Student: 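One structure, as structure tokens, below. Some questions next.
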Amino acid sequence: MRKTIDACGLSCPEPVLLLKQDIDDAEEIELHVDNQASVNNCCRFARSKGFCVSVGGGGGKYTLTLTKG
């Protein structure tokens with residue numbers, strides 16, 4: 001199942017906590033964040049759970065695509 005999470009406007013650790021709620025039930029997640037700290041922390045968390053992470057965007061808007069791998 002694919003999920004989309006919009007965590008823009010939230011500061012860490014809130015994006016990671018939102019991700020944590022859905023990561024066990026999804027094969028693919030699209031996560032939207034708006035700061036580099038959230039990118040770094042969410043990538044690290046997703047990889048620790050066995051997901052491959054692709055990061056797109058920039059300039060304050062980032063899309064992380066997480067796929068179970």
Side-chain angles (χ1 to χ4, degrees):
M1 176 178 9
R2 181 186 176 123
K3 295 201 174 202
T4 301
I5 301 170
D6 183 2
C8 290
L10 302 176
S11 57
C12 278
E14 291 175 280
V16 175
L17 295 174
L18 288 176
L19 182 58
K20 186 177 181 179
Q21 290 176 358
D22 291 326
I23 203 162
D24 291 330
D25 299 328
E27 294 292 319
E28 185 173 292
I29 298 172
E30 185 175 287
L31 175 66
H32 301 279
V33 295
D34 59 2
N35 63 74
Q36 190 63 49
S38 293
V39 171
N40 296 340
N41 293 335
C42 289
C43 285
R44 186 171 35 253
F45 176 72
R47 289 182 180 125
S48 77
K49 293 293 189 175
F51 280 75
C52 297
V53 181
S54 169
V55 180
K61 298 276 185 182
Y62 303 93
T63 299
L64 285 64
T65 304
L66 290 59
T67 52
K68 195 167 255 185

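If you read the sequence from its start, that first residue is 1, and numbering goes on from there. These numbers were taken from a predicted model, which means no experiment stands behind them. These values consider heavy atoms only, across backbone and side chains, with no hydrogens, waters or symmetry-generated copies.
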Student: Please enumerate all residues that pass side chain to side chain donor-acceptor pair (under 3.5 Å) together with Asn41, with sequence neighbours excluded.
Tutor: Arg44
Student: Got a sec, which hydrophobics cluster with Met1, joining ILVMFWY side chains under 4.5 Å apart, including via others?
Tutor: none
Student: Let me check something: any side-chain donor-acceptor pairs from residues 46-69 under 3.5 Å, sequence neighbours excluded? List them with distances.
Tutor:
from  : atom 1 : to    : atom 2 : distance (Å)
Ser48 : OG     : Phe45 : O      : 2.6
Tyr62 : OH     : Gln36 : OE1    : 3.4
Thr63 : OG1    : His32 : ND1    : 3.3

Student: Taking distance alone, no hydrogens or angles, what donor-acceptor pairs closer than 3.5 Å link side-chain atoms of residues 5-21 to residues at least two apart or in another chain?
Tutor:
from : atom 1 : to   : atom 2 : distance (Å)
Asp6 : OD1    : Cys8 : N      : 3.1

Student: Name all residues meeting the salt bridge (Lys or Arg N to Asp or Glu O under 4.0 Å) criterion together with Glu28; count only those two or more places apart in sequence or in a different chain, and write none if there are none.
Tutor: Arg2
